Asker: 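Before I ask anything, here is the structure I am working with.
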2 protein chains.
Amino acid sequence: MHEAQHPMTPPSATRRATITDVAREAGTGKTSISRYLNGETSVLSPELRERIEAAIAKLDYRPNQMARGLKRGRNRLIGMLLADLTNPYSVEVLQGVEAACHALGYMPLICHAANEIDMERRYLQLLTTYRVEGVIVNALGVKEELLQTFSRGGIPVVLVDRSVEGLVTDMVGLDNVAAVALATRHLADQGFDEVLFIVQPFRRVSSRRVREAAFRDTIGPLAARGVSGSTIVIDLADAAPALAAIDANLDASRLGAGRMALFAANAPVALRVALHLKERYGADWQQRVALMSIDDSEWAELAGMTTVRQPTYDIGRRAVEFLHERLEGARMPARECLLPGELVVRASTRRDNSQGI
Amino acid sequence: MHEAQHPMTPPSATRRATITDVAREAGTGKTSISRYLNGETSVLSPELRERIEAAIAKLDYRPNQMARGLKRGRNRLIGMLLADLTNPYSVEVLQGVEAACHALGYMPLICHAANEIDMERRYLQLLTTYRVEGVIVNALGVKEELLQTFSRGGIPVVLVDRSVEGLVTDMVGLDNVAAVALATRHLADQGFDEVLFIVQPFRRVSSRRVREAAFRDTIGPLAARGVSGSTIVIDLADAAPALAAIDANLDASRLGAGRMALFAANAPVALRVALHLKERYGADWQQRVALMSIDDSEWAELAGMTTVRQPTYDIGRRAVEFLHERLEGARMPARECLLPGELVVRASTRRDNSQGI
DNA sequence: TTGTATGCGTTATCAA
DNA sequence: TTGATAACGCATACAA
């Protein structure tokens with residue numbers, strides 16, 4: 001660690017100008033300044049308006065959002081709770097949220113819980129103290145009661161990707177049923193006769209639950225076409241058992257000369273499985289086993305992995321719009337917006353791949 | 001999009017309790033409540049304290065940070081400007097920032113400019129209006145003047161990863177010179193006799209500039225050992241020319257029976273190059289050409305790519321600490337904290353890889 | 001068209 | 001040990 005020799009800017013720390021300063025500088029009252037700021041420009045004489053503009057420019061005045069919010073009762077802050085920014089899904093949703101916020105004049109207060117349930121609670125509390133006008137929640141273990149305090153306080157809540165048991169509120173996410181069906185049928189169409197659906201513990205996370213159920217619902221009828229499947233639950237913190245189970249299934253299928261495909265329920269699972277396959281089968285693991293997943297991460301193209309791309313950007317945008325409508329006073333029943341996923345077919349599941357049927 | 005049938009929670013929208021409500025409920029004055037909130041617990045009679053606690057619990061009172069901030073002049077908000085959350089580097093730095101903020105009682109106000117220079121400006125303005133106490137900046141095109149308004153206003157600024165021309169302020173980042181030297185020497189040690197350093201346009205981004213210079217400074221002396229190298233500039237928005245140049249170099253090297261390695265200056269570049277190599281050489285591109293990079297992204301392990309891992313978490317933590325010290329009133333010259341990177345050797349650059357010398 | 005006075009929820013100053 | 005009261009920076013009802 002080096003020290004630079006130049007000193008910091010001298011302690012000329014000038015206090016930021018307030019509306020009072022501007023009023024004095026412009027030789028008028030605070031009200032006029034306030035009017036100018038709020039665009040009530042028609043009621044101001046051109047002459048006064050000019051003086052105000054000059055004063056603002058000269059003092060580099062910026063209205064204090066805090067004070068503003070205190071007075072009008074809304075500060076344009078929207079809370080965004082994210083379970084895991086490490087998951088590209090979250091980042092992409094965030095982009096949509098940011099864009100929509102910008103367009104509608106909100107400022108997202110982003111809280112990243114880093115997969116810690118306790119953090120989620122703390123952040124939600126914090127959002128409360130900052131008096132956000134609404135919250136968008138993509139959490140892991142937040143329970144209904146916690147969110148109810150928002151709803152009850154008149155703070156609209158929008159859920160992203162996963163619903164929360166016992167809570168009836170706006171929610172937006174992937175149409176999981178359709179997405180899983182799409183993917184599963186694709187695998188069947190490509191000639192795979194056995195599909196292993198790999199998912200994290202799903203009791204408590206609705207999207208995982210729905211995806212798993214959708215998988216079983218889709219694979220069931222496919223038995224008529226000779227296609228079967230089963231679910232493997234993987235705990236990313238202790239993946240060994242699940243990975244061993246996958247290996248066993250793969251081996252058995254190979255013995256019976258079957259064609260098996262692995263279907264990861266999301267990107268983190270896919271990555272973990274891919275790493276394992278690479279370890280077990282070497283660099284050309286993709287020649288040996290077919291892997292697909294929900295979530296189109298940046299490395300999917302590199303790995304040539306078929307995926308279902310989520311409409312992440314739109315999910316984020318929609319979430320903000322839902323919030324905005326409530327904030328504008330719309331009263332209506334809770335809504336559910338399920339957006340369709342898009343199948344991105346790559347080499348991993350193409351008929352000519354794998355042991356080249 | 002479906003409509004759920006349950007209505008939203010009834011419009012019982014109860015206003016959040018204020019300090020006045022609590023005072024009334026506890027049968028005392030606001031001052032005592034304020035004292036309790038600020039931990040001046042010693043000056044309160046146990047009896048009164050209990051009543052206050054009860055009132056707070058009953059009303060589920062949460063002090064309004066906005067009002068607090070307005071009064072005390074500091075709101076515990078720290079601005080964090082990120083050029084690109086799509087880059088895992090940023091997310092990791094963010095994790096460090098969040099952890100440190102939490103530990104020190106700050107709330108990070110995260111602004112994601114999504115690689116748009118204009119957004120950076122707008123967000124910086126916004127941060128100003130929210131009266132953040134300090135800012136951490138990892139931007140693309142922010143210029144000195146813009147940041148000066150913060151410094152001059154007494155708002156400390158900490159730069160992350162890249163410095164800004166003409167601005168003397170605290171800065172935290174990777175020790176680029178050491179990292180590039182480490183990586184380059186590793187390549188030489190592994191028997192590569194030619195290294196192509198691939199970097200985005202670097203005039204305006206200090207870290208890229210420094211890395212490029214460090215590469216040349218390191219590769220120069222290695223000529224004695226028969227190792228040469230050159231730089232290729234890649235524009236991710238229009239990568240074709242650079243990729244063609246890479247191909248040409250690769251072909252030439254192969255003709256001369258040389259062993260060439262590609263060295264990407266960061267993860268986004270590495271991904272782009274890897275995608276291209278896969279396209280050109282097929283799924284086993286890694287058998288054909290050696291690629292390494294700065295930044296240890298999640299797919300690096302999957303691709304078996306050697307990298308230099310940045311101490312991202314510590315960078316974020318350190319940035320907040322720098323800020324905190326200034327906010328606590330420490331006056332000192334601008335500091336520069338350069339943290340060491342860690343070489344993560346994988347198959348891509350091992351001697352036995354590639355055309356197996 | 002402009003300005004005065006009051007209050008948003010909190011903390012700080014002062015007096016009791 | 002406690003409690004009025006006056007700000008903080010701004011927006012609004014109201015008066016001029």
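For the numbers below, each heavy atom of this structure counts, side chains included, while hydrogens, waters and symmetry mates do not. Below, chain A is the first sequence line, B the second, and so on; all start at residue 1. Everything quoted here is computed from the prediction, not taken from an experiment.
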Asker: So, A:Y61 and A:E25: side-chain donor and acceptor under 3.5 Å apart, yes or no?
Answerer: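 A:Y61 vs A:E25: no donor-acceptor pair found between side chains.
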
Asker: Between B:A83 and B:L140, what is the shortest heavy-atom contact and its length?
Answerer: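 Looking at all heavy atoms of both residues, the shortest contact is CB-N, 4.1 Å.
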
Asker: Which residues within residues 49-58 of chain A lie with some heavy atom under 4.0 Å of an atom in DNA chain C?
Answerer: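 Correct list: empty, so none.
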
Asker: Which pairs count as salt bridge (Lys or Arg N to Asp or Glu O under 4.0 Å) when at least one residue sits in residues 89-107 of chain A, sequence neighbours excluded?
Answerer: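 For residues 89-107 of chain A, and leaving out neighbouring residues, there are no salt bridge (Lys or Arg N to Asp or Glu O under 4.0 Å) pairs at all.
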
Asker: Find the bend of the helix from C:dT1-D:dA16 to C:dA16-D:dT1 as the angle between its two terminal axes (five pairs each), to the nearest 10°.
Answerer: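 Here the local axes at opposite ends form an angle of 40°.
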
Asker: Between B:N138 (side chain only) and B:V160 (backbone N and O only), is there a donor and an acceptor less than 3.5 Å apart?
Answerer: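 Present.
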
Asker: Under a criterion of less than 4.0 angstrom to any heavy atom of chain B, what are the 5'-terminal and 3'-terminal contacting nucleotides of DNA chain D?
Answerer: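 The contacted stretch runs from D:dT1 to D:dG9.
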
Asker: Please identify the 5'-most and 3'-most nucleotides of DNA chain C with any atom under 4.0 angstrom from a heavy atom of chain B.
Answerer: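 Listing 5' to 3', DNA chain C meets chain B from C:dG9 to C:dC14.
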
Asker: Kindly determine whether A:L94 and B:L85 satisfy side-chain contact (heavy atoms from CB on, under 4.5 Å), including the steps that lead there.
Answerer: CA-CA 9 Å; A:L94 185 56; B:L85 264 179; 3.5 Å; yes

Asker: For B:L82 and B:C111, what are the C-alpha separation, side-chain angles and deciding distance, and is it a side-chain contact (heavy atoms from CB on, under 4.5 Å)?
Answerer: CA-CA 6 Å; B:L82 256 6; B:C111 303; over 6 Å; no

Asker: Checking B:R162 side chain against B:L159 main chain: does a donor-acceptor pair fall under 3.5 Å?
Answerer: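 Not at all, since once roles are kept as given, no pair shorter than 3.5 Å links the two residues.
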
Asker: B:L70 or B:S45: which one's nearest nucleotide on DNA chain D is closer to the 5' end?
Answerer: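 By nearest-heavy-atom nucleotide position, the 5'-most residue is B:S45.
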
Asker: Could you check whether B:Y36 gets within reach of a base, just the sugar-phosphate, or nothing at all, counting any heavy atom under 4.0 Å?
Answerer: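 Contact class for B:Y36: none.
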
Asker: Test your reading of the model: is there a side-chain donor-acceptor pair from A:S206 to the backbone of A:S163, 3.5 Å cut-off?
Answerer: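 Yes: the side chain of A:S206 pairs with the backbone of A:S163.
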
Asker: Does A:T18 offer a backbone N or O that forms a donor-acceptor pair with the side chain of A:D21 under 3.5 Å?
Answerer: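 Yes, because the side chain of A:D21 sits within donor-acceptor range (under 3.5 Å) of the backbone of A:T18.
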
Asker: Which residues pass the side-chain contact (heavy atoms from CB on, under 4.5 Å) test with A:D314, sequence neighbours left out?
Answerer: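 side-chain contact (heavy atoms from CB on, under 4.5 Å) list for A:D314, sorted by chain: A:P311, A:R317, A:L339.
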
Asker: Give me the residues of residues 22-35 of chain A where at least one heavy atom lies under 4.0 Å from an atom of DNA chain C, by number, or none.
Answerer: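 Heavy-atom cutoff 4.0 Å gives A:T28, A:G29, A:T31, A:S32, A:R35.
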
Asker: Where each residue is assigned the nucleotide of DNA chain D containing its nearest heavy atom, which of A:A17 and B:L44 is assigned the position nearer the 5′ end?
Answerer: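 The 5'-side residue here is B:L44.
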
Asker: Using the salt bridge (Lys or Arg N to Asp or Glu O under 4.0 Å) rule, collect all pairs that involve residues 133-150 of chain B, keeping only residues at least two apart or in two chains.
Answerer: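 Residue pairs with at least one partner in residues 133-150 of chain B: B:R76-B:E133, B:K143-B:E145.
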
Asker: Taking NZ, NE, NH1 and NH2 as the nitrogens, is one of them in A:E325 or A:R335 under 4.0 Å from a carboxylate oxygen of the other?
Answerer: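 Salt bridge: yes.
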
Asker: Which residue pairs pass the salt bridge (Lys or Arg N to Asp or Glu O under 4.0 Å) test with at least one member in residues 62-75 of chain A, sequence neighbours excluded?
Answerer: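 Those involving residues 62-75 of chain A are A:D60-A:R62.
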
Asker: What pairs with A:Y106 under ring pair (Phe, Tyr, Trp, His ring centres under 6.0 Å), at least two apart in sequence or on another chain?
Answerer: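 Scan of A:Y106 (ring pair (Phe, Tyr, Trp, His ring centres under 6.0 Å), adjacent residues dropped) gives A:H324.
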
Asker: Listed in order of residue number, which residues of residues 126-134 of chain A have a non-hydrogen atom at under 4.0 Å from DNA chain D?
Answerer: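 Here the set is empty: none.
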
Asker: Rounded to the nearest 0.5 Å, what's the gap from CD1 on A:I136 to CE on A:M80? Could you check?
Answerer: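 Here the interatomic distance stands at 5.5 Å.
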
Asker: Hey, could you give me each pair passing salt bridge (Lys or Arg N to Asp or Glu O under 4.0 Å) that has a residue in residues 41-51 of chain A? Not counting sequence neighbours.
Answerer: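 For residues 41-51 of chain A, and leaving out neighbouring residues, the salt bridge (Lys or Arg N to Asp or Glu O under 4.0 Å) pairs sorted by first residue read A:E47-A:R51.
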
